[in-house]
There are 2 protein chains.
Amino acid sequence: MSNRHTGRANRGRRPGAPDTRAEILASARTLFAARGFGSTSVRAIAAGAGVDPALVHHYFGSKDDLFVAALELPVDPRVALRPVLEGGLDGAAERLLRVFLSVWDDETARLSLLGLIRGVFEPSGRQLLRDGLLGVVLGPLGPALGLDEPQRRVALVASQMMGLVMLRYVLEVEPLASMDGEVLVATYAPTLQRYLADPLPS
Amino acid sequence: MSNRHTGRANRGRRPGAPDTRAEILASARTLFAARGFGSTSVRAIAAGAGVDPALVHHYFGSKDDLFVAALELPVDPRVALRPVLEGGLDGAAERLLRVFLSVWDDETARLSLLGLIRGVFEPSGRQLLRDGLLGVVLGPLGPALGLDEPQRRVALVASQMMGLVMLRYVLEVEPLASMDGEVLVATYAPTLQRYLADPLPS
DNA sequence: GTCTATAAATCGATAGAC
DNA sequence: GTCTATCGATTTATAGAC
């Protein structure tokens, strides 16, 4: 596990001077928050961390992966949402709600997510939440479900889910705060399904 | 209107020593935020301001009036919502959305309201927003429209409106942020009407 | 153990004296 | 403008019947 206390110290490669991986993450968080995902280049992140751009890919894979890591989400939304995306448009709202509630009703995940929501009122936090929620979390719904006007439909879905979060988990308004998950699914699924699939006005 | 600059200064009664009205307001804000509307008595507010309870009524009328004043809302929700309450259940969602958007799309009012929303993450601000939004603003919908399960229906309505506020006015997500008001009404009215009038699950 | 009746305290609001 | 006195309603607590 380590070569400390083996009698023969200083064997092998020493740990990288300052923790390179952490510096890349810090640089990414700062830049993503300040300029948004689209306007931040991997090269800029590498420069901010004082490392070679190739190291960014070495540690994190794609720029998307790095963004997800920088968000510090308790779950990888691309994994969690897979069953939602793969099931087709029928019943998509219901599956989405179930995934959504299972994450938010887990206490550890909830605390982490609340931290993200908290940043809403600072410009950097807004940018992060916009790109994260609309881009990474709900964005894939558009292509995967074959939505027309994907941006608009996804924004409508997001508006209802964000409101549910605010009332149930932030403001803790009754009876929403202690309502059974299945009842919530039954209540909100028709709304979300309408936003996803029904004809949009004008 | 005033005796300033009339050439004969200091006419009439001078303003009361410490501004009693303002002290009552300050005391009310503190107590409403800390304990909530229901658990705060007019007597406690008066004690906090060091004045007689009757003065509270003298300056502000009812306890409800005082609460609205303490919220520093840009409009009196009880006045603004009158047409919503009086029109009956049919079309209530549409009328509610129109009033809602007319207030939020006014810049002065919006800035003031955003200040209220900002307090969501502090316990005192939560209490204030809960009592304000659910109690004063949307609460009257229950009795006026003759809703069954008024608490639940009003909370559902609030969850969609709060989400719309977050996406359109706080996060400023497109295309919601610059969407025409009438399109928004047409989009969200069916959702709100369902929350108000349709059978609820379980 | 559960429900009802009643007593006590507290509250919001008003009228009127200073 | 400020305060005393007080009403009527609501809430809270207690006691006793079943």
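Quick note on labels: first sequence line is chain A, next is B, and so on, each numbered from 1.
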Take the protein atom NE2 of B:His57 and the nucleotide atom P of C:dA15, then report the distance between them rounded to whole Å.
12 Å
From CZ of B:Arg43 across to C1' of D:dA9 the rounded distance in Å is 13 Å
Calculate, to the nearest 0.5 Å, the distance between atoms CG and CG belonging to A:Leu138 and A:Leu133 respectively.
5.0 Å
Rounded to whole Å, please give me the gap between NE2 in B:His58 and C1' in D:dT2.
8 Å
Hey, what do you get for CG (B:Leu25) to OG1 (B:Thr20), rounding to the nearest 0.5 Å?
11.5 Å
Can you tell me how far P of C:dT10 sits from NZ of B:Lys63, to the nearest Å?
15 Å
Which part of the nucleic acid, if any, lies within reach of B:Ser39 when heavy atoms closer than 4.0 Å are counted: base, sugar-phosphate only, or nothing?
nothing
To the nearest Å, how far apart are B:Leu31 CG and C:dC11 C1'?
15 Å
Can a side-chain donor-acceptor contact be found between A:Tyr188 and B:Ser159 if the only test is distance below 3.5 angstrom?
yes
d(CZ, B:Arg21; C1', D:dT2) in whole Å:
16 Å
Side-chain N,O (B:Ser41) to OP1/OP2 (C:dT10) below 4.0 Å
no
Below the 4.0 Å mark, does C:dG12 have OP1 or OP2 next to a side-chain nitrogen or oxygen of B:Ser62?
no
Rounded interatomic separation in angstrom, taking CG from B:Leu55 and P from C:dT14
15 Å
When rounded to whole Å, the CD1 to C1' distance for the pair B:Ile24 and D:dC3 reads 13 Å
Residues, nucleotides or ligands: over 12 heavy atoms within 6.0 Å of B:Arg78 CZ
yes
By the 4.0 Å heavy-atom rule, please label B:Phe60 as base, sugar-phosphate, or nothing.
nothing
